[in-house]
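As the structure is a computational prediction, the values presented were derived from the model and not from experiment. Throughout, numbering of the chain's residues begins at 1 and tracks the sequence.
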Amino acid sequence: MLPRGAGVYSRASAGVRPYPPGMDTDNVPDSGPGDGPDAGERSRQLIGLLAEENRLRAFAAVALGARSTRQVAETAGLTPKDTALALLRLREQGAVTDGPQDGLAVAHDLLRELARPRRTEGSARPAAGDVVSTFVRDGRLLRLPAQWTRKQQVLRHIAERTFEPGVAYPERVVNERLRAWCEGTDEIDHVTLRRYLVDLRELRRSEGVYERVRPRPA
């Protein structure tokens with residue numbers, strides 16, 4: 001097990017997001033972590049995320065090979081409750097993600113993006129279309145971005161081109177349509193893609209039937 005430090009866990013410390021006070025974490029700038037000054041801010045956010053002891057211990061456990069919540073708890077020496085809270089924050093901020101075999105994994109793409117040389121402040125920020133074209137080609141999803149706001153753009157693009165608003169789709173049909181997006185890649189499967197679309201409320205699920213949520217009027 002990892003050696004437990006002297007830090008004291010509290011519900012308040014687990015609930016504080018690693019962003020400056022008052023910042024809306026659901027609207028992080030769309031520029032990539034390696035694109036200009038936002039890279040430094042995103043790096044500080046990641047450091048803040050790992051500054052809390054339980055999150056750091058859970059992150060280290062995943063890096064050491066723990067693939068389930070139980071394994072993380074055992075490796076990190078945390079209680080199930082503390083483990084669940086730590087993993088929730090790590091996954092919310094993109095530091096830990098789903099591995100290729102339904103297990104937990106460190107988001108190496110995020111770390112690589114943060115390590116890239118920054119562009120100058122005058123560099124243009126990528127438009128939404130540029131983001132989509134980077135990760136989608138010829139109707140196929142190459143991979144999902146590590147940054148959450150970019151991931152939202154790509155997933156919304158897939159939902160808009162796959163499902164009509166207000167139409168009920170049985171799970172079998174949803175799987176078939178999403179499987180087509182995943183052909184030729186080992187980075188993501190249709191089950192994970194479907195879960196993301198539901199989590200982002202691009203799809204609404206009820207008793208095995210899915211419906212595309214109607215876009216809100218501008």
Side-chain angles (χ1 to χ4, degrees), residues 26-36 38-39 42 46 62 67 90-117 119 123-206 208-216 218:
D26 291 330
N27 291 284
V28 178
D30 290 337
S31 58
D35 299 334
D38 286 332
R42 187 67 182 95
L46 181 61
V62 175
R67 291 293 173 263
L90 290 169
R91 296 182 72 161
E92 281 182 344
Q93 305 305 333
V96 167
T97 185
D98 293 321
Q101 297 179 348
D102 294 330
L104 298 171
V106 169
H108 293 289
D109 284 347
L110 172 62
L111 301 181
R112 281 191 288 267
E113 285 186 20
L114 291 176
R116 289 175 184 169
R119 297 179 183 177
S123 298
R125 292 168 60 181
D130 296 332
V131 172
V132 170
S133 63
T134 300
F135 299 96
V136 175
R137 194 163 302 157
D138 298 327
R140 299 290 184 271
L141 177 63
L142 304 179
R143 61 187 177 89
L144 281 176
Q147 190 186 34
W148 185 241
T149 51
R150 288 185 168 196
K151 187 178 295 182
Q152 287 177 303
Q153 292 176 16
V154 172
L155 291 168
R156 185 168 295 115
H157 170 85
I158 291 174
E160 289 173 349
R161 282 154 181 76
T162 309
F163 306 104
E164 291 292 331
V167 177
Y169 296 91
E171 187 167 290
R172 174 183 56 80
V173 174
V174 172
N175 288 340
E176 289 175 356
R177 295 194 176 193
L178 294 182
R179 191 178 286 113
W181 285 95
C182 303
E183 289 181 0
T185 179
D186 296 327
E187 296 290 331
I188 191 170
D189 57 38
H190 68 281
V191 176
T192 302
L193 192 56
R194 188 187 69 209
R195 183 170 66 245
Y196 274 130
L197 291 172
V198 172
D199 289 345
L200 280 176
R201 299 182 182 178
E202 294 293 337
L203 290 180
R204 182 186 297 115
R205 176 177 57 198
S206 178
V209 176
Y210 295 75
E211 181 180 342
R212 168 100 165 95
V213 178
R214 293 184 180 276
R216 295 181 179 180

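- With sequence neighbours left out, the side-chain hydrogen bond (donor to acceptor under 3.5 Å, both in side chains) criterion links E183 to R140.
- R156 meets the side-chain contact (heavy atoms from CB on, under 4.5 Å) test with E160, E202; sequence neighbours excluded.
- Nearest heavy atoms, A107 versus G94: CB-O, 3.0 Å.
- Expressed to the nearest 0.5 Å, how far CG of L141 lies from CD1 of I158 amounts to 4.5 Å.
- Atom-to-atom distance recorded for D189:CG and R195:CZ is 8.0 Å, nearest 0.5 angstrom.
- Side-chain contact between R194 and V191 is present, with heavy atoms from C-beta onward closer than 4.5 Å.
- In this structure R91 satisfies the salt bridge (charged side-chain N to carboxylate O under 4.0 Å, His left out) test together with D98, sequence neighbours excluded.
- Counting only residues at least two apart or on different chains, the ring-ring contact (aromatic ring centres under 6.0 Å, His included) pairs with a member in residues 158-190 are F163-Y169.
- Listed by chain and residue number, L203, R205, Y210 satisfy the side-chain contact (heavy atoms from CB on, under 4.5 Å) test with V198 (two or more places apart in sequence, or in another chain).
- Summarising the geometry, atom CG belonging to L178 is positioned 6.0 Å from atom CG belonging to L197; distances are rounded to the nearest 0.5 Å.
- Scanning for side-chain contact (heavy atoms from CB on, under 4.5 Å) contacts around R137 gives L142, with sequence neighbours left out.
- A search for side-chain hydrogen bond (donor to acceptor under 3.5 Å, both in side chains) contacts involving R204 returns nothing, not counting sequence neighbours.
- Taking R177 as the reference, nothing meets the salt bridge (charged side-chain N to carboxylate O under 4.0 Å, His left out) condition, with sequence neighbours excluded.
- Here L104 contributes atom CG and T97 contributes atom OG1; the two are 9.0 Å apart, rounded to the nearest 0.5 Å.
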